[in-house]
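Lettering of chains follows the sequences in order, A, B, ..., and the numbering in each one begins at 1. The figures here come from the full heavy-atom set of this structure, side chains too, leaving out hydrogens, waters and symmetry mates.
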There are 2 protein chains.
Amino acid sequence: MGAREKLTDAMSELLWERGYAATSPRDVMTRAGVGQGSMYHHFAGKHDLAVASLSAVSGTMADEASVLEDVEAGTPLERMKAYLRLPRPGTRGCRIGRMTQDPQSVTDPDLARIVQGAFATMLGRWEDAIAAAVAAGELPGTVVPADLARTLSAVIQGGYVLARAEGDQAPMDAAIRGAVALLDATSASVDPSARESRAPRERGDQEEGRS
Amino acid sequence: MGAREKLTDAMSELLWERGYAATSPRDVMTRAGVGQGSMYHHFAGKHDLAVASLSAVSGTMADEASVLEDVEAGTPLERMKAYLRLPRPGTRGCRIGRMTQDPQSVTDPDLARIVQGAFATMLGRWEDAIAAAVAAGELPGTVVPADLARTLSAVIQGGYVLARAEGDQAPMDAAIRGAVALLDATSASVDPSARESRAPRERGDQEEGRS
DNA sequence: GTCTATATTCGGATAGAC
DNA sequence: GTCTATCCGAATATAGAC
């Protein structure tokens, strides 16, 4: 593994753990195990390195959200719940969302654009899945996809905040359970006559218990 | 206004804007308009000043959440929605929640305890209001107050994250609208026979699930 | 390409005058 | 109580040797 990749990997970790402002070039070089000259040879400076590292992280997060549009994974509502239930290390926080609280990250146009793009991608996938769920009669027609997409995305992001505040994974899991329960109750309120015709099985087999 | 109060006010603002790690004693003194000697006379150092300032902020936030238990403000569900709809400056972020992303704040036992206490107070009020809503038949008996409290608290905290990510208030408002809509739909799904504890009818058919 | 040495500024705090 | 002067180390980067 070349020095360049070692540096971006180390920077990605440190951005996650400490954020941009609190990460010094020294820290990165030490963790990457390369000398100072290597870093300034491959990158113009801390900023340049952060842009490269955060871009890579943003890509992997976008991939994760593809569960929402994976038709193989079940009905739209099932995919929404599956995405909500993906394992998330609450006490470590979100690698992208964390940046929004870093004053320098928000100010920096390059970093801000990366964060904004990551959220735009995820929200777009949420909206598509929600609209599909409405079309399939899994959610009532009164649901506004753009609103609910932000609500559910906020539950995840807020779950990270709560988990970090308490230093415990439990609040994150509880927040997700509560959101799934709201979705189930909302789904149950759909007028049966509006349901999609190609999934005409009995209702009531969706009650999967989570402890 | 004495130097001490000027310092805590300035520190509170800077903690909000930049967090703990990114705020230097110099910044605080400059904004407060006092000399360096004054600061080290009234406080042992940056840490001591931050503890005093954050404690004050935590108190005002707890006061705000008292809407949830203000019986004058309406039914439990109405109070929940009223609290969700309180005006919140999304792009500025939450004064308490922001601390959870500051590496030094989470590490520091004193600061961490303040943040943890603020969330504990708020979550407790949420749980009480939700339990009251269930008791009043405004929400179904299947609702788990501890879970839903964290879900709704997460919507608010996540709303801040989304708003900051996009540099726009709109995502915060959308997230709140979506949450209120979910609550309304869930409320509508309550079995009418379980409503209004003043005129209690037979209960117990909630166990059969939502079919 | 990678290293060590060196500048420069800032963060955080102390000392002591007024 | 409040101020200015000053110290020490870290953050960020440049210079130039190997």
- Message: Ignoring hydrogens, what is the shortest heavy-atom contact between B:Asp48 and B:Phe43? Give both atom names and the distance.
- Response: OD2-CA, 3.6 Å
- Item | Closest-nucleotide 5' rank along DNA chain D - winner of A:Gly37 and A:Ala22 | A:Ala22
- Length of the line joining A:Asp48:CG and D:dT14:C1', which is rounded to integer Å: 16 Å
- Message: Donor-acceptor pair, distance only, cut-off 3.5 Å: does the side chain of A:Lys46 make one with the backbone of A:Thr23?
- Response: yes
- Message: For the residue pair B:Thr75 / B:Glu138, report whether a side-chain donor-acceptor contact shorter than 3.5 Å exists.
- Response: yes
- Message: Heavy-atom nearest nucleotide on DNA chain C for B:Lys46 versus A:Ala3: which residue maps closer to 5'?
- Response: A:Ala3
- Where is the tightest heavy-atom contact between B:Leu182 and A:Thr151, given as atom of each residue plus distance? CD1-CG2, 4.5 Å
- Rounded to whole angstroms, how far apart are CD on B:Gln104 and P on D:dA11? 10 Å
- Let me know the distance between CE of A:Met29 and C1' of D:dA13, rounded to the nearest Å. 11 Å
- In whole Å, what is the span from the OH atom of A:Tyr40 to the P atom of D:dA13? 4 Å
- Query: Whole Å only: how far is the CD atom of A:Gln36 from the C1' atom of D:dA10?
  - Reply: 12 Å
- Separation of atom CZ in A:Arg18 from atom P in D:dA11, rounded to whole Å: 9 Å
- Item | Positional range of nucleotides in DNA chain C within the contact set of chain B, heavy-atom, under 4.0 Å | C:dG11 to C:dT14
- Any side-chain donor-acceptor pair under 3.5 Å between A:Ser105 and A:Asp108? no
- Task: Please report, rounded to the nearest Å, how far the P atom of D:dG9 is from the CG atom of A:Asp27.
- Result: 18 Å
- Task: Keeping the roles fixed (side chain from A:Arg79, backbone from A:Leu68), state whether a donor-acceptor pair exists under 3.5 Å.
- Result: yes
